[in-house]
Protein chains: 2
Amino acid sequence: MTRPTSRDVAAAAGVSQATVSLVLGDKWRGRVSERTAGLVREAAAHLGYRPNLAARNLRLGTTRTALLVVPALTNEFFARVYTGAARVAAAHDFGVVLYPSPDGTGPARDPFASARAALDGVIASSMATDALTALGGDGLPLVMLDSDPTAPGAAAHVNLAMADGTRQVTEHLLALGHRRFLHLASAVDSWTFDIRAEALSALLSPSAELRTVRAPLTVHGARTATEAALAAPGDRPTAIVCDDDILAAGACKAARRLGLRVPDDLSVTGFDDLALATAVEPELTTVRLPAERVGEHGMAALLAVLDGTPWTAPDLPVTLVVRGSTGPAPTR
Amino acid sequence: MTRPTSRDVAAAAGVSQATVSLVLGDKWRGRVSERTAGLVREAAAHLGYRPNLAARNLRLGTTRTALLVVPALTNEFFARVYTGAARVAAAHDFGVVLYPSPDGTGPARDPFASARAALDGVIASSMATDALTALGGDGLPLVMLDSDPTAPGAAAHVNLAMADGTRQVTEHLLALGHRRFLHLASAVDSWTFDIRAEALSALLSPSAELRTVRAPLTVHGARTATEAALAAPGDRPTAIVCDDDILAAGACKAARRLGLRVPDDLSVTGFDDLALATAVEPELTTVRLPAERVGEHGMAALLAVLDGTPWTAPDLPVTLVVRGSTGPAPTR
DNA sequence: CCCGTCGAGTTATACGTATTACCCCGGCTG
DNA sequence: CAGCCGGGGTAATACGTATAACTCGACGGG
């Protein structure tokens with residue numbers, strides 16, 4: 001009734017356990033005869049043998065498993081990061097285990113207890129610096145994605161050219177004649193917020209006006225925050241630069257509620273190029289982030305670190321995708 | 001340089017390895033003095049000791065880890081299923097490892113090799129029956145979510161009242177006067193498609209007209225499929241029942257392209273109540289599925305199976321959410 | 001005829017943990 | 001004073017695997 005072990009297979013094939021291990025581990029060239037190997041494989045298949053991963057991991061001292069820490073899986077961006085990481089992992093016979101870090105509804109507090117798998121390394125995505133250092137202290141190699149490269153504890157970094165993305169979108173809007181901007185950002189602190197806010201104000205001042213509003217990373221949260229901002233006294237902004245497509249979708253809804261037309265009265269831009277960006281009307285002008293590439297590079301970096309190989313790579317490029325949510329500034 | 005083991009802790013605390021294990025495993029009431037326990041804990045903390053999970057799993061013969069197989073993580077529905085499963089798992093000191101089954105871009109073929117963790121059981125969500133039976137053969141307890149309850153190999157099932165959801169949405173549309181329906185479904189075969197198609201045709205015939213179109217589960221795919229369907233000769237449908245909010249979003253875009261107004265000229269309904277449903281304009285009338293609840297029940301079912309406890313539960317209820325994408329049938 | 005070599009396996013061991021069975025000692029009981 | 005008990009801890013072991021070290025014939029060369 002219990003699962004068969006390599007010893008059971010050995011007994012069935014009339015050989016020793018070591019031979020089973022050699023054959024199934026593909027290490028038998030010249031050590032075991034073709035005929036015996038066949039017998040072993042047949043016995044294994046017949047019994048439905050599966051090696052016990054726990055035992056193997058213990059013996060080998062490595063698990064070929066990485067932990068990927070993401071803020072929230074329901075965000076398509078991170079799902080895509082995972083996809084990329086898992087693809088590279090699979091190519092190197094690695095596995096990836098997820099830990100959605102506490103966003104309130106997530107699982108328990110301790111990633112390493114929660115992800116019960118034995119791990120070889122950790123990849124952490126888009127975490128605030130202090131949350132990361134909390135991860136750092138336990139001796140596993142750590143790769144940080146989309147995070148402050150000066151933060152301590154990381155063996156490698158993978159970053160996106162966020163500042164450049166902000167530059168592209170801003171210049172696009174400036175070229176369209178916009179001069180009054182609203183920066184709509186996620187309420188959650190992150191390194192990329194700082195980067196983008198900085199790039200934005202550097203590009204705009206002193207020729208243009210900039211206000212910043214932060215909102216929960218949901219369509220609804222962005223809508224209400226934007227409504228409030230647009231209803232504020234003073235000259236209305238003509239362009240809203242959002243740090244996320246989700247926020248941009250909310251901004252568009254706010255505009256519609258207030259009777260403003262996008263893009264005629266108000267231009268809105270997003271970030272990420274999620275499926276959402278082309279689901280809404282008008283489709284969002286946004287900055288496409290190579291999310292899967294981020295995951296791929298993160299896993300590659302971790303593999304390099306585990307190998308002792310030095311790893312370094314430039315920031316991943318991002319591209320502006322112009323769609324229907326931006327247009328010339330209203331001449332008024 | 002290598003990670004400290006329980007023996008290292010024992011040496012540092014001046015006790016035996018067994019004592020360390022007892023103390024850290026909280027099994028020392030009456031077996032170890034308070035003072036010694038303190039020493040052990042202090043030594044462990046000082047060395048940064050983390051028990052080796054592989055060794056523990058091997059010793060205990062259980063991993064307290066489940067594999068969750070989902071079709072695609074980028075779909076918010078499955079991300080929420082995972083969230084629910086992980087929450088219940090965490091409450092029972094279990095972990096959940098994901099395996100996004102091959103959607104083309106996914107990782108390798110064999111879930112059990114790919115998810116490298118040693119497993120206690122498997123939860124498979126919304127899989128076609130044949131894909132599931134391929135999973136079945138390896139001796140692990142299997143819980144099926146949202147799948148054909150007559151399929152062999154499952155130790156337990158968790159299902160949604162999909163037929164009832166279809167009934168609710170159909171009656172809503174019938175009450176609004178609609179008589180010509182288009183059923184827009186995912187191109188991927190699934191048990192729930194059959195269920196809903198069946199419910200729909202039973203409710204509509206012979207009083208109303210029904211056509212079925214299947215499309216890739218993307219906004220773009222749904223848009224092009226819907227455009228083609230609406231351009232087809234014959235009387236245009238006045239209501240499109242979609243099996244997914246993503247499809248509904250695509251259908252709305254198709255309508256707009258053809259100059260049809262939603263809901264004035266055409267009513268559209270979705271399924272799932274994703275964030276997308278309230279991101280688009282008009283917001284989607286849809287059937288809300290308790291996705292997290294599905295994950296929670298799935299994990300609970302697996303825990304029960306592992307316990308030997310019988311497990312059974314009625315289908316999870318679903319609720320119609322009426323929003324702006326449905327309205328009275330055009331009087332024409 | 002003896003030794004080296006090679007082919008085809010086997011025996012033994014270690015990985016780090018949890019737990020069972022045991023040990024020792026001081027104090028209480030009869 | 002022998003016997004017993006219980007508190008406080010230790011020694012030994014098993015989990016299933018991978019692999020290094022070894023064995024055992026047979027064979028070929030010198």
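Only a predicted model underlies this, so the values are computations on that prediction, with no experimental measurement involved. Chain naming here is simple, since letters A, B, ... match the order of the sequence lines and numbering starts at 1 in each.
Where A:G25 and B:A55 meet DNA chain D, the nucleotide closest to each residue was compared, and B:A55 sits on the side nearer the 5' end. In terms of position on DNA chain C, the residue among A:L60 and A:A37 whose nearest nucleotide sits closer to the 5' end is A:A37.
We find that CG of A:N52 is positioned 17 Å from P of D:dA14, with the value rounded to whole Å. In this structure, the CH2 atom of B:W28 is 17 Å from the P atom of C:dT19, given to the nearest Å. When the P atom of D:dC15 is taken as reference, atom CG of B:N57 falls 16 Å away, rounded to whole Å. The distance between atom CD of B:Q17 and atom C1' of C:dC15, rounded to the nearest whole Å, is 13 Å. Here the P atom of nucleotide C:dT19 and the CZ atom of B:R56 are 9 Å apart, to the nearest Å. Remark: P of D:dC15 and CZ of A:R3 are 16 Å apart, rounded to the nearest angstrom. Between the NZ atom of A:K27 and the P atom of D:dT17 there is a distance of 15 Å, rounded to whole Å. A straight line from CG of A:L24 to C1' of D:dT17 spans 11 Å, rounded to a whole angstrom.
Backbone-only engagement by A:V15 is indicated by non-hydrogen atom pairs under 4.0 Å involving sugar-phosphate atoms exclusively. Using a 4.0 Å heavy-atom cutoff across all strands shown, B:T5 reaches sugar-phosphate atoms only and no base atom.
B:N159 has its side chain within reach of B:P149: a pair of non-hydrogen atoms, C-beta onward, lies under 4.5 Å apart.
One finds the CG atom of A:L53 at 7.0 Å from the CG atom of B:L119 (value rounded to the nearest 0.5 Å).
Side-chain atoms of A:R7 do not come within 3.5 Å of backbone N or O of A:Q17 as any donor-acceptor pair.
Note on A:T36: a side-chain N or O is less than 4.0 Å away from OP1 or OP2 of C:dG9. At the phosphate of C:dT10, OP1 or OP2 sits under 4.0 Å from a side-chain N or O atom of A:S16. Phosphate contact (OP1/OP2 of C:dA8, side-chain N/O of A:S33, threshold under 4.0 Å): absent.
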What donor-acceptor contacts under 3.5 angstrom involve side-chain atoms of residues 293-309 of chain A, with partners at least two apart or in another chain?
residue	atom	partner	partner atom	Å
A:E296	OE2	A:R87	NE	3.4
A:E296	OE2	A:R87	NH2	3.0
A:H297	ND1	A:R293	O	3.2

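When distances run from any side-chain atom of A:L58 to the nucleotides C:dT19, C:dG16, D:dT17, the shortest one goes to C:dG16. For A:R7, the listed nucleotide lying nearest its side chain is D:dG16; candidates were D:dT19, D:dG16, D:dT10.
Between the side chain of B:R31 and the base of D:dG9, at least one donor-acceptor pair of N or O atoms lies under 3.5 Å.
Residue A:N57 forms a side chain to side chain contact (heavy atoms under 4.5 Å, CB included) with just one option from A:T63, A:T62, A:D120, A:T65, and that option is A:T63.
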